[in-house]
Amino acid sequence: MTLPRGFYFRPARAVARELLGCILVSRRGGTLTAGRIVETEAYLGPEDAASHAAIRPVAAHRLLYGDGGRAYVFRIYGVHHCLNAVTGRAGHPGCVLIRALEPVRGAPTMARRRGVTADSVLLTNGPGKLSEALAITLRDNGADLAQGLVMIGPPDAPRRFAVGVGPRVGITRAASRPLRFWIRGNPYVSRR
DNA sequence: TAGCTGATTGACT
DNA sequence: GTCAATCAGCTAA
């Protein structure tokens, strides 16, 4: 059970907000690991100076300018991976960065990969951390999020939470736009 | 070919 | 609070 591709065929801001509460599933590494999405950031097209559609045109074009519903994975600072969901129809670039998860399946496996205890928020409270916990790498770049080893499914419970909205974290351009969304009060949301 | 930058994290003062 | 690790992909030449 995964989200239909049509879910992603909308502006990044709307997808980012509705991705909260959805379940990210990975079967990389032979073990099922999954987490509830508790924090996202929207990145728009070339008019958004922080978007890779603007600052990494050649590398990101093919994915970001294509149809939504695929994974866009990149390496940052040479050490960590960041997982995005591409949004919008072909010709309408945008993506949503998955910034934090609350583990729901395979926490012991995540703990082994991360080197922390299974009940620690350090498991998945950041984009680089959740990628390591779910064994997501550049191999998953371009993967179809509706089928395959890395997928996103609908919420496993009604959305009964307050959504926080604020500026995006850790970027150097267009840093003040309120395009970051999170589940209020969830301990796995990354602070800063 | 060489040099630079970064949507992060963790260790340290 | 500061700072280094480490590399894909860009830019300049």
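In this text, all values refer to a predicted model and were calculated from it rather than measured experimentally.
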Would you tabulate the pairs of protein nitrogen or oxygen atoms and nucleotide nitrogen or oxygen atoms of nucleotides 1-8 of chain C closer than 3.5 angstrom?
unit_1 : atom_1 : unit_2  : atom_2 : d
C:dT6  : O2     : A:Tyr77 : O      : 2.2

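- Residues A:Arg36 and A:Asp156 are paired through a salt bridge, judged by an N-O separation under 4.0 Å between the basic side chain and the carboxylate.
- In this structure, A:Arg173 reaches the sugar-phosphate backbone alone: every heavy-atom distance under 4.0 Å involves primed, P, OP1 or OP2 atoms, never a base.
- Scanning DNA chain B 5' to 3' for nucleotides with an atom closer than 4.0 angstrom to a non-hydrogen atom of chain A gives a first and last hit of B:dG6 to B:dG10.
- With hydrogens and angles disregarded, no donor-acceptor distance shorter than 3.5 Å links the side chain of A:Thr2 to the backbone of A:Met151.
- A:Val104 belongs to a hydrophobic cluster with A:Ile23, A:Val25, A:Leu32, counting contacts under 4.5 Å between side-chain heavy atoms of Ile, Leu, Val, Met, Phe, Trp and Tyr, direct or through other members.
- Under the side-chain contact (heavy atoms from CB on, under 4.5 Å) criterion, A:Glu18 pairs with A:Phe7, A:Arg10, A:Arg159, sequence neighbours left out.
- Cluster partners of A:Met1, using a side-chain heavy-atom cutoff of under 4.5 Å among ILVMFWY residues and allowing indirect links: none.
- Annotation: side-chain contact (heavy atoms from CB on, under 4.5 Å) contacts of A:Tyr77 (sequence neighbours excluded): A:Val79.
- The pair A:Asp140-A:Arg70 does not count as a salt bridge, with every side-chain nitrogen at least 4.0 angstrom from each carboxylate oxygen.
- Within a 6.0 Å sphere centred on CZ of A:Arg177, heavy atoms belonging to other residues, nucleotides or ligands number more than 12.
- Taking the C1' atom of each, B:dG10 and C:dA8 are spaced 22 Å apart, rounded to whole Å.
- Mapped onto DNA chain B by nearest heavy atom, A:Ile171 and A:Lys129 fall at different nucleotides, with A:Ile171 at the one closer to the 5' end.
- For A:Arg112, the side-chain contact (heavy atoms from CB on, under 4.5 Å) partners at least two apart in sequence or on another chain are A:Thr109.
- For the strand DNA chain C, secondary-structure stems (runs of at least three Watson-Crick or G-U pairs, all distances below 3.5 Å) span B:1-6 with C:7-12, B:8-12 with C:1-5.
- Within residues 90-112 of chain A, the residues having any heavy atom under 4.0 Å from DNA chain B are, by residue number, A:Cys95, A:Leu97, A:Arg99.
- The ring-ring contact (aromatic ring centres under 6.0 Å, His included) search around A:Phe74 returns A:His52, A:Tyr72, not counting sequence neighbours.
- The side chain to side chain donor-acceptor pair (under 3.5 Å) analysis of residues 82-99 of chain A, with sequence neighbours excluded, yields the pairs A:Glu39-A:Arg99, A:Arg99-A:Ser190.
- A gap of 15 Å separates the P atoms of C:dA4 and B:dC4, to the nearest Å.
- Annotation: of the two residues near DNA chain B, A:Phe74 and A:Glu132, the 5′-most nearest-nucleotide partner is A:Phe74.
- For A:Glu41 and A:Arg168, the salt-bridge test fails: no basic side-chain N is under 4.0 Å from an acidic carboxylate O.
- Partners of A:His81 under the side-chain contact (heavy atoms from CB on, under 4.5 Å) rule, at least two apart in sequence or in another chain, are A:Val73, A:Arg75, A:Ser131, A:Thr137, A:Leu138.
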